[in-house]
Amino acid sequence: QVQLVESGGGLVQPGGSLRLSCAASGSIFSINVMAWYRQAPGKQRELVATTTPGGRTNSADSVLGRFTIWRDNAKNTVFLQMNSLKPEDTAVYYCYAEASWTGDRVQRAYWGQGTQVTVSS
């Protein structure tokens, strides 16, 4: 059906930057919303940022002005540029997409496997 594969996580010092990527693959018919979520230890998964096929974006207040989400529709890929990282940004970051595949063209929610981001000195 549809698979999401993230890359780009790692360890970075406070104030540093990282870029996450998430590529969708499979028998894709269409992709609607793409987004990034994160989950810190002991906390619930929270929405970080979303983007529509037309490029409209929304971000959580906690990352406004620091994180930027965008997508390449031709490559079925969504990115998250994270600047001025803080220790509280430490979490597993998950890619999310609402997509349909050619088999039935039914919109479903898909998740990536997650990528660890650790902000520490």
Side-chain angles (χ1 to χ4, degrees):
Q1 297 188 5
V2 179
Q3 296 82 41
L4 302 177
V5 178
E6 301 111 333
S7 60
L11 172 64
V12 63
Q13 292 187 340
S17 299
L18 280 176
R19 178 178 294 182
L20 305 183
S21 302
C22 171
S25 63
S27 302
I28 298 169
F29 176 72
S30 68
I31 302 178
N32 191 5
V33 170
M34 299 188 83
W36 289 95
Y37 285 75
R38 67 185 181 185
Q39 187 167 19
K43 295 187 176 181
Q44 290 189 330
R45 191 172 296 189
E46 64 174 359
L47 178 65
V48 177
T50 66
T51 179
T52 67
R56 186 172 63 187
T57 63
N58 275 299
S59 299
D61 288 345
S62 59
V63 306
L64 273 175
R66 300 188 299 120
F67 291 10
T68 302
I69 186 172
W70 75 97
R71 63 196 283 173
D72 183 335
N73 291 327
K75 296 182 178 180
N76 294 325
T77 300
V78 63
F79 304 90
L80 185 70
Q81 178 67 41
M82 303 184 293
N83 299 328
S84 302
L85 282 160
K86 305 174 181 180
E88 51 263 44
D89 294 319
T90 296
V92 178
Y93 284 70
Y94 295 92
C95 178
Y96 168 89
E98 294 174 0
S100 61
W101 70 296
T102 56
D104 59 15
R105 303 186 181 182
V106 173
Q107 283 260 320
R108 294 182 176 86
Y110 293 91
W111 292 91
Q113 80 285 357
T115 185
Q116 178 70 46
V117 172
T118 302
V119 185
S120 175
S121 55

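In this chain, residues are counted from 1 in sequence order. Reckoned from all heavy atoms, side chains included, excluding hydrogens, waters and symmetry mates. What you see is a predicted model, and the numbers here were worked out from it, not measured in a lab.
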A.B. asks: Please name all residues satisfying side chain to side chain contact (heavy atoms under 4.5 Å, CB included) with V119, sequence neighbours left out, ordered by chain then number.
C.D. replies: V12, P14, L85, P87, D89, T90, V117
A.B. asks: Using the side-chain hydrogen bond (donor to acceptor under 3.5 Å, both in side chains) criterion, which residues pair with S30? Sequence neighbours excluded.
C.D. replies: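 Expected list: S100.
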A.B. asks: Other than V106, what residues sit in its cluster of Ile, Leu, Val, Met, Phe, Trp and Tyr side chains whose heavy atoms are under 4.5 Å apart, directly or through others?
C.D. replies: none
A.B. asks: Where do W36 and L47 come nearest, in terms of heavy atoms and distance?
C.D. replies: O-CD1, 3.7 Å
A.B. asks: If you round to the nearest 0.5 Å, how far is CD of Q81 from CD1 of I69?
C.D. replies: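 If I round to the nearest 0.5 Å, the distance is 12.0 Å.
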A.B. asks: My understanding is that only residues two or more places apart in sequence, or in another chain, count here; which of them pass salt bridge (Lys or Arg N to Asp or Glu O under 4.0 Å) with D61?
C.D. replies: none
A.B. asks: For Q44, is the CD atom crowded, meaning more than 12 foreign heavy atoms sit under 6.0 Å from it?
C.D. replies: no
A.B. asks: For R108, check salt bridge (Lys or Arg N to Asp or Glu O under 4.0 Å) against everything at least two apart and list the hits.
C.D. replies: D104
A.B. asks: Give every residue pair that meets the disulfide (SG to SG under 2.5 Å) criterion with at least one member in residues 31-68, sequence neighbours excluded.
C.D. replies: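 As it turns out, there is no disulfide (SG to SG under 2.5 Å) pair with a partner in residues 31-68 once direct neighbours are skipped.
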A.B. asks: Can you check side chain to side chain contact (heavy atoms under 4.5 Å, CB included) on S7 and T115, steps first, answer last?
C.D. replies: CA-CA 7 Å; S7 60; T115 185; over 6 Å; no
A.B. asks: With a 4.5 Å cut-off on side-chain heavy-atom distances among I, L, V, M, F, W and Y, is there a chain of contacts connecting V78 to Y94?
C.D. replies: no
A.B. asks: Can you find a pair of side-chain heavy atoms, one from S120 and one from L11, that are under 4.5 Å apart?
C.D. replies: yes
A.B. asks: Can you name the nearest heavy-atom pair linking R71 to P53, along with the distance?
C.D. replies: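 Residues R71 and P53, closest heavy atoms: NH1-N, 3.2 Å.
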A.B. asks: Going by side-chain hydrogen bond (donor to acceptor under 3.5 Å, both in side chains), name the residues that satisfy it together with S84, two or more places apart in sequence or in a different chain.
C.D. replies: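 With neighbours one apart ignored, the set is empty.
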A.B. asks: State which residues pass side chain to side chain contact (heavy atoms under 4.5 Å, CB included) with K75; sequence neighbours excluded, sorted by chain then number.
C.D. replies: D72, T77
A.B. asks: Applying a strict under-4.5 Å side-chain criterion to I, L, V, M, F, W and Y, I'd like to know whether F79 and V48 cluster together.
C.D. replies: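 In one cluster: no.
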A.B. asks: Grab the two heavy atoms, one from L4 and one from A24, that are nearest each other, plus how far apart they are.
C.D. replies: CD2-CB, 3.5 Å
A.B. asks: With rounding to the nearest 0.5 angstrom, report the CZ to CG distance, R19 to N83.
C.D. replies: 9.0 Å
A.B. asks: Y96: which residues meet the ring-ring contact (aromatic ring centres under 6.0 Å, His included) condition with it, sequence neighbours left out?
C.D. replies: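 So Y96 forms a ring-ring contact (aromatic ring centres under 6.0 Å, His included) with Y37, W111.
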A.B. asks: Honestly curious: do I28 and W101 fall in one hydrophobic cluster under the side-chain, below-4.5 Å linking rule?
C.D. replies: yes
A.B. asks: So how far is it from Q3 CD to Q1 CD, rounded to the nearest 0.5 Å?
C.D. replies: 8.0 Å
A.B. asks: Just by modelled atom types, is the Q113 backbone N or O under 3.5 Å from a matching donor or acceptor in the E6 side chain?
C.D. replies: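 Confirmed, E6 side chain pairs with Q113 backbone.
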A.B. asks: Restricting to pairs with a member in residues 46-60, which pass side chain to side chain donor-acceptor pair (under 3.5 Å), not counting sequence neighbours?
C.D. replies: R38-E46
A.B. asks: Rounded to the nearest 0.5 Å, what separates atom CD1 in I31 from atom CD in Q107?
C.D. replies: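 Output value for this atom pair is 9.5 Å.
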A.B. asks: Return each pair, listed once, that meets disulfide (SG to SG under 2.5 Å) where at least one residue sits in residues 29-121; pairs must be two or more places apart or across chains.
C.D. replies: C22-C95
A.B. asks: Could you tell me which residues satisfy side-chain hydrogen bond (donor to acceptor under 3.5 Å, both in side chains) with N76, sequence neighbours excluded, listed by chain and number?
C.D. replies: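 side-chain hydrogen bond (donor to acceptor under 3.5 Å, both in side chains) list for N76, sorted by chain: empty.
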